[in-house]
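Notes for the one structure printed next.
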Amino acid sequence: MNNNLFFKLKGNLNNNDFTDINDLKNICVAHDNTNLKIEIDYKLGNGVKNSENINFINEFLLYDDNKLIGYAGICDFGGDEIEVNGMVHPDYRRKGIFTRLFSLVKDEFNKRVNKGMLLLSDNNSVGGIEFIKNITDDFSHSEYDMSLDINATQNSFNNLIFRKAVIKDINKIKDANFEFFSNNDMNEISSGITYLIETDNILIGKVRLEIIDNVGGIYGLEVLPDYRGKGYGRELLILSIKKLKESNVKTINLQVLTDNKNALNLYKSCGFKENYTMDYYRLNKESCNGSL
């Protein structure tokens, strides 16, 4: 192994890190004709909590002199599991580089209270899936990444209140017991990216809207069980699209579980199209020490 190799371990990313990682991502995507979900836009735009604490390392970079040749990243969205993803420069593969990076990720994982990690790979990435299956064959789920045909039209018909969530809504949201709403989501209410729909002051659903580099994202869209099957999900999606379009975004993206046929049909009917499939595999903490 080259003597000029060195690791850079960090709690969060700065602009220089972002540039290095994004350049490596572009090289890998062009070479492999696959996709990478490494969340660096989210990390740079929102920061990583506890980034000043040395006990929370989220970014693992390996350089050859000033050239980034390998990267692994941890995303912690506030649940029991962390997400782990990464890549290696095509010219440096089959040299054990990602094995070394993943060893550092495991050490970090074992310091945390999270019960498991999810390893991500494009369904079409032979090398990525092969690496993961050498560690675990505990398949978790697959997601479609989807983008909106920005010229598609959607018709709104329900007379609903659609507004930003504010601090005084926290108890109302907690009492609603949304299925997909973590502590991190609760903390982000003050940032103005969580929206609610209501009728007669009754909470029906919520969604998180983000804009990074003129690309809109729709996350955690959910309607409470008592209001499902009544068109409120479509209305919430349409209102979300309209709100993002008001900011003149270039495109709008979202992710959906491949086996969630109702949601998939809804998104398609509103103009979303599938880009690629991301596979998730689970590695539990108790079995982590036996992996690579």
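Atom NZ of K245 sits in a crowded spot, with more than 12 heavy atoms from other residues, nucleotides or ligands closer than 6.0 Å. Counting non-hydrogen atoms of neighbouring residues, nucleotides and ligands closer than 6.0 angstrom, the CG atom of N66 reaches no more than 12 such neighbours. Atom NZ of K133 has 12 or fewer neighbouring heavy atoms from other residues, nucleotides or ligands inside a 6.0 Å radius. Atom CG of D137 is surrounded by 12 or fewer heavy atoms from other residues, nucleotides or ligands within 6.0 Å. Heavy atoms from other residues, nucleotides or ligands lying under 6.0 Å from CG of D65 number more than 12. Within 6.0 Å of the CD1 atom in I161, the count of heavy atoms belonging to other residues, nucleotides or ligands does not exceed 12.
Nearest heavy-atom pair, K285 versus F109, reported as atom, atom and distance to 0.1 Å: NZ-O, 3.0 Å. Smallest separation of non-hydrogen atoms from S240 and L209: CB-CD2, 3.7 Å. Nearest approach of L148 to T251, heavy atoms of both residues: O-OG1, 3.9 Å. The nearest pair of heavy atoms linking C270 to A152 is O-CB, 4.1 Å. Scanning both residues, Y227 and Y232, for their nearest heavy atoms gives O-CD1, 3.2 Å. Closest approach of I97 and G70 over heavy atoms only: CG2-CA, 4.4 Å.
Going from atom CE of M117 over to atom CD1 of I82 covers 4.5 Å, rounded to the nearest 0.5 Å. The structure places CD of E81 at 10.5 Å from CG of L119, a figure rounded to the nearest 0.5 Å. Atom-to-atom distance recorded for L36:CG and D122:CG is 7.5 Å, nearest 0.5 angstrom. A distance of 10.0 Å separates CG of L254 from CD of E143, quoted to the nearest 0.5 Å. Here N15 contributes atom CG and T19 contributes atom OG1; the two are 6.5 Å apart, rounded to the nearest 0.5 Å. Here F272 contributes atom CZ and Y144 contributes atom OH; the two are 16.0 Å apart, rounded to the nearest 0.5 Å.
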Decide side chain to side chain contact (heavy atoms under 4.5 Å, CB included) for L203 and D175; before the verdict, give the C-alpha distance in whole Å, the side-chain angles of both, and the deciding distance to 0.1 Å. CA-CA 10 Å; L203 180 60; D175 292 342; over 6 Å; no
Step-by-step side chain to side chain contact (heavy atoms under 4.5 Å, CB included) determination, K242 to I238: CA-CA 6 Å; K242 288 184 175 180; I238 292 172; 3.9 Å; yes
Show your working on side chain to side chain contact (heavy atoms under 4.5 Å, CB included) between K25 and I38 and close with a plain yes or no. CA-CA 9 Å; K25 175 185 176 182; I38 55 177; 3.7 Å; yes
Show your reasoning for whether side chain to side chain contact (heavy atoms under 4.5 Å, CB included) applies to F98 and R93. CA-CA 8 Å; F98 201 78; R93 294 176 183 172; over 6 Å; no
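Looking at residues two or more places apart in sequence or on another chain, you find a side chain to side chain donor-acceptor pair (under 3.5 Å) between S147 and N253, N275. In this structure, K67 has no side chain to side chain donor-acceptor pair (under 3.5 Å) partners at least two apart in sequence or on a different chain. With sequence neighbours excluded, the residues that form a ring pair (Phe, Tyr, Trp, His ring centres under 6.0 Å) with Y63 are F6. Remark: F162 engages Y195 in a ring pair (Phe, Tyr, Trp, His ring centres under 6.0 Å) (not counting sequence neighbours).
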Side-chain atoms of residues 212-223: list all donor-acceptor pairs with protein atoms under 3.5 Å, sequence neighbours left out, distances to 0.1 Å.
residue : atom : partner : partner atom : Å
E222    : OE1  : E179    : N            : 3.4
E222    : OE1  : F180    : N            : 2.9
E222    : OE2  : E179    : N            : 2.7

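D259 is not listed as a side-chain neighbour of H141, based on a closest heavy-atom distance of 4.5 Å or more. Side-chain contact between D17 and K8: present, with at least one pair of heavy atoms (C-beta onward) separated by less than 4.5 Å. Annotation: side chain of R100 is not in contact with side chain of L104 (no heavy-atom distance under 4.5 Å). You'll find the side chain of D41 reaches within 4.5 Å of the side chain of F18, heavy atoms only. Within the 4.5 Å cutoff, the side chain of P90 has heavy atoms near those of the I27 side chain. Counting heavy atoms from C-beta outward, K95 and I69 have side chains that stay 4.5 Å or more apart. Residues I211 and L244 form a side-chain contact, since some pair of their non-hydrogen atoms from C-beta on lies under 4.5 Å apart. With contacts defined as side-chain heavy-atom distances shorter than 4.5 Å, the pair E59/N12 does not qualify.
In terms of modelled atom types and a separation under 3.5 Å, the side chain of K172 and the main chain of K168 share no donor-acceptor contact. Without hydrogens or angle criteria, S247 side chain to V249 main chain gives no donor-acceptor distance under 3.5 Å. Remark: the backbone N or O of N124 is not paired with any side-chain donor or acceptor of T34 at under 3.5 angstrom.
By the 4.5 Å side-chain criterion applied to Ile, Leu, Val, Met, Phe, Trp and Tyr, M278 is assigned to a cluster that also includes L118, L120, Y276, Y280.
A salt bridge links E274 to K268: one of the charged nitrogens lies within less than 4.0 Å of a carboxylate oxygen. For the pair R163 and D169, the salt-bridge criterion is met [side-chain N within less than 4.0 Å of a carboxylate O]. E83 and K43 are not joined by a salt bridge, as no carboxylate oxygen comes within less than 4.0 angstrom of a charged side-chain nitrogen.
Both I170 and I204 sit in one connected hydrophobic cluster of ILVMFWY residues. Membership requires side-chain heavy atoms under 4.5 Å apart, directly or through other members. Tracing side-chain contacts under 4.5 Å through hydrophobic residues (I, L, V, M, F, W, Y), one reaches I202 starting from F178; they form part of the same cluster. Put simply, I241 and L266 are part of the same group of oily side chains (I, L, V, M, F, W, Y) that touch within less than 4.5 Å, one to the next. In this structure, V29 is a member of the same hydrophobic cluster as M87, with clusters built from ILVMFWY side-chain heavy atoms closer than 4.5 Å. Note: the hydrophobic cluster containing L9 also contains V105 (ILVMFWY, side chain heavy atoms under 4.5 Å, direct or indirect links).
Under the 30°/60° scheme for interplanar angles, the aromatic rings of H89 and Y92 are found to stand perpendicular.
If you run side-chain hydrogen bond (donor to acceptor under 3.5 Å, both in side chains) between N123 and each of N35, T277, D279, only D279 comes through.
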